[in-house]
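This report refers to the structure that appears directly beneath it.
Chain letters run A, B, ... following the sequence lines, proteins first and then strands; every chain starts at 1.
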Amino acid sequence: MERVVVIDFETTGLSPAQGDRATEIAAVIVHNGSVLDRYQSLMNAGVSIPSHIQNLTGISSAMVRAAPSAARVMREVFEFVGDLPLVAHNASFDSKFWDAELERLGLHRRQAFACSMLLSRRILPQAPSHKLEALAEFAGLPSKGRFHRALADAEMAASLLLRLEEELGRQFGVHDVSHALLRRIQKAPKQELRRILDELPERTPPTIMSAR
DNA sequence: TGCCAGGCCCTCTTTAGGGCCTT
């Protein structure tokens, strides 16, 4: 797969439209089955963190007060990500915060998101839950640290993405999956997924390695 | 006082309701 960036936000709540702000972000560049580079930082948006969120993430108001400004962090991660396509687990959530935090700086998103949750619902429909933590256990992915911290969750979502890519090859014979194809798959009606993948020009039969 | 997210997806559906998932 082309290089993609898996991102994860920790925030003060669920909705930037309701005044919630980002408190931490991580971005992981993935290419050819492995992590090439990482960015992670807490950020100070000048807000306090509700107690139930502190309990969930372990991120306290004191921790973000000591962190660099949200503006500085978002500019850094915007540069780090560049034009690479984005992936997140439940991307409708992270894309809202990505757009809202950039908007405050007069910046705008340059690329589309793919969603590892929507993909896992199609490629691993037998999983008992499609929460990131539950999928990690279901798929036997190695631990990346405490869940609900940005870098651990971004790395876990990256591992999940690589597993999903393997499953596309194993189940459907689809290899070298592009970000654009991931977005097609995540939007495909479940009942039509196999037909859609069978008709892909990208689909290639398993290759036979020849000795040189 | 009472309200307070929103997109996806399933079903007892489409003139709707409710669970999942993110913090």
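A/Thr12 comes within 4.0 angstrom of nothing in the nucleic acid, heavy atoms only. Nucleic acid contact class of A/Phe97 (heavy atoms, under 4.0 Å, all strands): none. Using a 4.0 Å heavy-atom criterion, one finds that A/Gln186 contacts the sugar-phosphate atoms exclusively. Residue A/Asp8 is in sugar-phosphate contact alone, with no base atom involved, counting any heavy-atom pair closer than 4.0 Å across all strands shown. Residue-level contact check: A/Thr57 touches the backbone only, with heavy atoms under 4.0 Å from sugar-phosphate atoms and none from bases.
If you take CD of A/Gln191 and C1' of B/dT11, they are 12 Å apart, rounded to a whole angstrom. When rounded to the nearest whole Å, the span between NZ of A/Lys187 and C1' of B/dC9 equals 16 Å. With rounding to whole Å, A/Met156 atom CE is found 16 Å from B/dT22 atom C1'. When the P atom of B/dT23 is taken as reference, atom CZ of A/Arg149 falls 12 Å away, rounded to whole Å. Straight-line distance from the CD atom of A/Glu101 to the C1' atom of B/dT23: 13 Å, rounded to whole Å. Put simply, CG on A/Leu119 is 16 Å from C1' on B/dT22, counting in whole angstrom units. As rounded to whole Å, 13 Å separates atom C1' of B/dG7 from atom CG of A/Leu14. Atom CG of A/Asn90 and atom P of B/dC8 are 10 Å apart (whole Å).
Side-chain nitrogen and oxygen atoms of A/His148 include at least one within less than 4.0 Å of the OP1 or OP2 phosphate oxygen of B/dT23.
Taking the side chain of A/Met117 as heavy atoms from C-beta on, and the options B/dC4, B/dT23, B/dC21, the nearest nucleotide is B/dC21. The side chain of A/Leu118 lies closest to B/dC8, out of B/dC8, B/dG7, B/dT23. The side chain of A/Ser92 lies closest to B/dG7, out of B/dC4, B/dG7, B/dT22. Nearest to the side-chain atoms of A/His89 among the listed nucleotides B/dT22, B/dG6, B/dC20 stands B/dT22. Of the listed nucleotides (B/dT22, B/dG6, B/dT23), B/dT22 has the atom at the smallest distance from the side chain of A/Lys131. Each of B/dC21, B/dT22, B/dT23 was ranked by its minimum atom distance to the side chain of A/Asp153; first place goes to B/dT23. You'll find that the side chain of A/Arg121 is closest to B/dC9, out of B/dC9, B/dG6, B/dC10.
Checking side-chain atoms of A/His31 against main-chain N and O of A/Met1 turns up a donor-acceptor pair under 3.5 Å. Using a distance-only test at 3.5 Å, with no hydrogens or angles considered, no donor-acceptor pair links the side chain of A/Arg38 to the main chain of A/Leu151. Using modelled atom types, no side-chain atom of A/His130 and backbone atom of A/Leu135 make a donor-acceptor pair closer than 3.5 Å. Counting only distance, with no hydrogens or angles, the side chain of A/Gln186 and the backbone of A/Ala114 share no donor-acceptor pair below 3.5 Å.
Taking atom P in both B/dC4 and B/dG17, the straight-line distance is 15 Å, to the nearest Å. B/dT23 and B/dC10 have their P atoms separated by 23 Å, with the value rounded to a whole Å. Spacing between B/dC9 and B/dT14 at atom C1', rounded to whole Å, works out to 14 Å. With both ends at atom P, the span from B/dC12 to B/dC8 equals 22 Å, rounded to whole Å. B/dT13 and B/dG19: their C1' atoms are spaced 15 Å apart (whole Å).
The residue among A/Arg122 and A/Ser15 whose nearest nucleotide of DNA chain B lies closer to the 5′ end is A/Ser15. Comparing A/Lys190 and A/Ala17 by the nucleotide of DNA chain B whose heavy atom lies nearest to each, the residue mapping closer to the 5' end is A/Ala17.
Atom CZ of A/Arg110 sits in a crowded spot, with more than 12 heavy atoms from other residues, nucleotides or ligands closer than 6.0 Å. No more than 12 heavy atoms of other residues, nucleotides or ligands shown are found within 6.0 angstrom of CD on A/Glu137.
If you check the side chains of A/Asn90 and A/Ser92, you find a donor sitting under 3.5 Å from an acceptor.
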